[in-house]
K.L.:
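One structure, pasted below without further comment.
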Amino acid sequence: MSGFEPKIVAFLCNWCTYVAADAAGVSRFVQQPNVRVIRVNCSGMVDPSYVVKAFASGADGVLVGGCWPGDCHYVAGNIKAMRRAPLLQKLLDQLGVEALRFRLKWIAASEPSQFAKTVNEMTEQVRKLGPFVRKGLRAKRSAA
Amino acid sequence: VSQGGRPRTTLAVHTATGCRACEHGVLDLDQEVTALGRFADPVFWPYVLGTPWEALPREVDVTFFAGAVRTETDREAARRLRDRSRILVAVGACAAFGGLPGLTNLAASGGSAEPAAGEDAAGDDGAAAPALAPATLSLAQVVAVDYFVPGCPPTPALLWTAALALLCRGESAARLSFAAGRLPERIAEAIAAGVLPPRGSTFAGERAVCGSCSRVKEEKRFEVCKRPFQAYQETGRCLLEQGLVCQGVATQEGCGGLCTGAGAPCRGCFGKAPAVFDPGAKMVAAIGSTFDSAKADEIAELVDGFPDLAGTFYRYTAPSQCALLAPPPGAAGGGA
């Protein structure tokens, strides 16, 4: 497992976290190269299906980034994301996805350092957890 | 076998791991059972006719296979019936999606096969209980399936429709148009044209249950998760809006909203609607977005009120439609 590089899919809101990610690059913050960014208009449009699909398609972690509550470009989209996340977390937990693999994080456009920090933190956490393997296939794989 | 000079379609009915309610469903066709007998000849039906496996003909026209595949015996039955059948139909949620027995996959350790209840567990006839496979599978995950009739059990109307479409080809036009009126256009056209519907078709609607549910939908706000006895009010209002976990939004239509019409929340026995990627994720979206709170601690408290999300949202579909439990697309279906 020494050569394991986690694949993290990040759904970033166009108005805050995506800008922060951009700025983090421009400001030359050191970041782990494990994140695949998908720009979305709002964290509120990240349907739980997207997160489940990311895991089902081989992601080892999923990060959803949005504006701080009160700052949403669409008034309350991030609140919707906030309402869904704990329920999704609970479902994922039952399906064998560890809590640290899914994260909803508020990062404003002016917080590029926070973005770099989140990426580095999450990459390390997921690296420790190892690759995500579907429940039921896990034992089979290790037995093989 | 022939009656009135016309050979009747031969029919086999079998249940693997299941409760046999689907076979009862066939009997529950009421007066139509006699009509069924006029154009179909049940050559193999162990449960009702006591047919032994040795009597299974070399070739059967249509096989109704109910129940999930959980044991070696089930797997063998699925293979044998697939080999001998021209048309193999997965009848009921278990055969179509894995069904209630598929919930075992949620607790699956992925270990090796083990006997059902200890080494010396024996059935009525003294035979040893068959070994359990590591995972419960739907019929289509074991052998190729031609048609699906979902439901737990399939409603009599739907089962009758499938029987007419598959068994009574060349029969009266009135029968066929009765069947066609209840199905998606693609299948209906085939039936009206007197040919078989496209292989792989599901005998159900194309939209979600909400599409045929008669309840009034206004604004959804979830304040607390409730059980029907705690909350149900006969106001004709959407059950999800009343705080009940109704899975109509994620579930394929075809039942005509029977349960929701009677005030019972939809449990999802028709499997996911075609436009839904994953029924659990869809339900999380439907319920979570409507929590009537913007405070993290209040939301956490609400979430605590939902016991066993996976067991609820994937009640009938865990082996085949849960994106994180089912074998990944392209993987060998058998799993063993």
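All values below come from the heavy atoms of this structure, side chains included, with hydrogens, waters and symmetry mates left out. Here is the naming used below: chain letters follow the sequence lines, and residue numbers restart at 1 for every chain.
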K.L.:
Residues of residues 42-51 of chain A under 4.5 Å from chain B (heavy atom pairs)?
P.N.:
A/D47, A/P48, A/S49
K.L.:
For B/K217, is the NZ atom crowded, meaning more than 12 foreign heavy atoms sit under 6.0 Å from it?
P.N.:
yes
K.L.:
Taking all atoms of both residues into account, what is the closest heavy-atom pair of B/L324 and A/A56, and its distance?
P.N.:
CD2-N, 3.6 Å
K.L.:
Going by heavy atoms in the side chains, are A/R83 and B/S289 under 4.5 Å from each other?
P.N.:
no
K.L.:
Identify every side-chain donor-acceptor pair in residues 296-311 of chain B under 3.5 Å, counting partners at least two apart or on other chains, and give the distances.
P.N.:
from, atom 1, to, atom 2, distance (Å)
B/E298, OE1, B/S293, OG, 2.8
B/D308, OD1, A/Q94, NE2, 2.7
B/D308, OD1, B/G311, N, 3.0

K.L.:
Does a sphere of radius 6.0 Å around NZ in A/K80 hold more than 12 heavy atoms from other residues, nucleotides or ligands, not counting ones at 6.0 Å or beyond?
P.N.:
no
K.L.:
Over all heavy atoms of both residues, which pair between A/L87 and B/G288 is shortest? Give the atoms and the distance, please.
P.N.:
CD2-N, 3.8 Å
K.L.:
Considering only heavy atoms, which portion of A/L91 lies under 4.5 Å from any heavy atom of chain B: side chain, backbone, both, or neither?
P.N.:
both
